[in-house]
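Worth saying up front: this structure is predicted, and the values here are computed from it rather than measured.
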Amino acid sequence: MHVLILGGTTEARRLAELLHGTPGLTVTSSLAGRVASPRLPPGEVRIGGFGGTEGLTAWLREHRVDALIDATHPFAGTISFHAARAAATAHVPLLALRRPGWVPVDGDHWHDAASLEAAAALLPGLGERIFLTTGRMGLAAFADAALDELWFLVRSVDAPSGPRPARSELLLERGPFTLEGERGVLRRYGIDVVVTKDSGGEATSPKLTAAREAGIPVVVVRRPPVPEGVREVASPEEAVEWLGHMS
């Protein structure tokens with residue numbers, strides 16, 4: 001049985017670890033290649049895109065894939081829709097592995113946004129020193145001249161390219177992050193607004209606790225939906241169970 005994991009997340013690596021060494025099972029993890037030095041999972045690994053839906057369909061057929069698991073980042077929407085169409089065309093069972101999204105608790109001051117552009121539009125009324133934790137992709141949304149009076153601390157794993165806010169400082173860091181560390185960032189840079197995507201999970205959630213303690217508003221960009229009709233599970237263990245029912 002050949003399983004293709006569309007990965008790049010903690011959950012994808014954990015799933016590959018759980019499946020590694022299983023008799024009769026070949027696991028290939030596919031990484032997009034957007035991070036310079038990714039943490040590689042065990043087993044076979046391919047890096048780079050497939051060339052859209054048609055390329056992924058051809059790969060599934062050529063490599064005789066028996067099951068496809070989309071364990072990409074919750075905001076990697078394009079590949080998820082490519083996976084849904086390719087799996088349907090190649091008649092390969094598809095499962096989406098998505099960590100649960102964050103839920104606000106008492107004391108949180110969250111502002112929902114449907115997109116990065118919507119998040120940027122909220123900022124002038126919320127604060128002046130922004131902790132931008134949405135990654136290096138999509139920074140152009142915050143390079144609008146209407147935001148030139150605001151200052152941004154941009155945190156990213158790798159240095160971004162392309163447009164970014166006019167007044168900004170780059171902080172190159174990779175999670176997981178600690179609560180004490182996030183408290184320090186907010187205090188050291190005088191942050192009064194946090195912007196984040198609803199990535200879910202514990203690796204990057206301490207910033208939410210730190211913001212709550214400091215009474216700082218958080219703009220949360222909501223994640224896109226999983227393609228219609230695709231089964232979704234929340235943990236690598238559930239994905240292993242799903243595969244077990246196929247064998």
Side-chain angles (χ1 to χ4, degrees), residues 1-101 135 137 157 174-176 197-204 223-247:
M1 183 180 185
H2 187 188
V3 178
L4 174 62
I5 301 173
L6 303 178
T9 60
T10 301
E11 291 75 21
R13 287 193 301 274
R14 177 57 181 159
L15 177 57
E17 291 168 356
L18 291 173
L19 297 176
H20 185 60
T22 302
L25 189 65
T26 298
V27 178
T28 301
S29 295
S30 177
L31 308 182
R34 292 180 177 174
V35 175
S37 300
R39 296 171 179 168
L40 299 181
E44 298 181 18
V45 178
R46 69 174 301 279
I47 297 178
F50 290 94
T53 301
E54 292 184 0
L56 179 53
T57 302
W59 203 95
L60 294 175
R61 288 170 169 163
E62 180 182 351
H63 293 83
R64 299 181 181 274
V65 173
D66 299 291
L68 176 60
I69 299 180
D70 174 13
T72 56
H73 191 278
F75 282 85
T78 299
I79 183 60
S80 294
F81 282 90
H82 288 174
R85 290 191 287 267
T89 301
H91 304 290
V92 173
L94 170 64
L95 180 74
L97 170 55
R98 292 285 187 275
R99 70 189 76 149
M137 309 297 289
V157 174
R174 184 198 297 267
K197 292 178 178 178
D198 180 19
S199 301
E202 299 179 357
T204 59
R223 60 177 62 177
V226 170
E228 187 175 354
V230 176
R231 182 176 176 182
E232 183 177 1
V233 296
S235 72
E237 290 76 14
E238 290 176 278
V240 171
E241 183 178 353
W242 177 77
L243 288 170
H245 291 316
M246 294 181 54
S247 57

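I5 and A12 make their closest contact through CG2-CB, 4.0 Å (heavy atoms, listed as atom of the first residue, atom of the second, distance). The two residues V92 and V65 have their closest heavy-atom pair at CG2-O, 3.5 Å. Considering every non-hydrogen atom in both L95 and E232, the closest pair reads CD1-N, 4.4 Å. Nearest heavy-atom pair across R223 and S199 is NH2-O, 3.1 Å. Closest of all the heavy-atom pairs between L4 and F50 is CD2-CZ, 4.1 Å. When all heavy atoms of L31 and G8 are compared, the pair lying nearest together is CD2-N, 3.4 Å.
Between E11 and R99 a salt bridge is recorded (basic side-chain N to carboxylate O distance below 4.0 Å).
Applying the 6.0 Å contact sphere to CD of E241 captures no more than 12 heavy atoms from other residues, nucleotides or ligands. Heavy atoms of other residues, nucleotides or ligands lying less than 6.0 angstrom from CD of E17 number more than 12.
Looking only at distances, a side-chain donor or acceptor of R46 sits under 3.5 Å from a matching main-chain atom of G48. Judged by distance alone, with hydrogens and angles left aside, the side-chain atoms of H2 form a donor-acceptor pair with the main-chain N or O of H63 at under 3.5 Å.
Proximity of W242 to P93: side-chain heavy atoms (C-beta onward) are separated by under 4.5 Å at one or more points. By the 4.5 Å heavy-atom criterion applied to side chains, I69 and L243 are counted as neighbours. With contacts defined as side-chain heavy-atom distances shorter than 4.5 Å, the pair R98/S80 qualifies. Using a 4.5 Å cut-off on side-chain heavy atoms (C-beta onward), L97 and T9 make no contact. A heavy-atom distance below 4.5 Å is not found between the side chains of D198 and P74.
In this structure, the separation between CG on L56 and OG on S30 is 8.0 Å, given to the nearest 0.5 Å. In this structure, OG1 in T57 is found 10.5 Å from NE2 in H91, a value given to the nearest 0.5 Å. Remark: L68 CG to L94 CG distance equals 5.0 Å, nearest 0.5 Å.
Scored by the ring pair (Phe, Tyr, Trp, His ring centres under 6.0 Å) test, H20 finds no partners at all (sequence neighbours excluded).
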Given the rule in the side-chain contact (heavy atoms from CB on, under 4.5 Å) test, do E202 and T10 qualify, once you have shown the distances and angles that lead to the verdict?
CA-CA 10 Å; E202 299 179 357; T10 301; over 6 Å; no
Show your reasoning for whether side-chain contact (heavy atoms from CB on, under 4.5 Å) applies to L15 and V27.
CA-CA 10 Å; L15 177 57; V27 178; over 6 Å; no
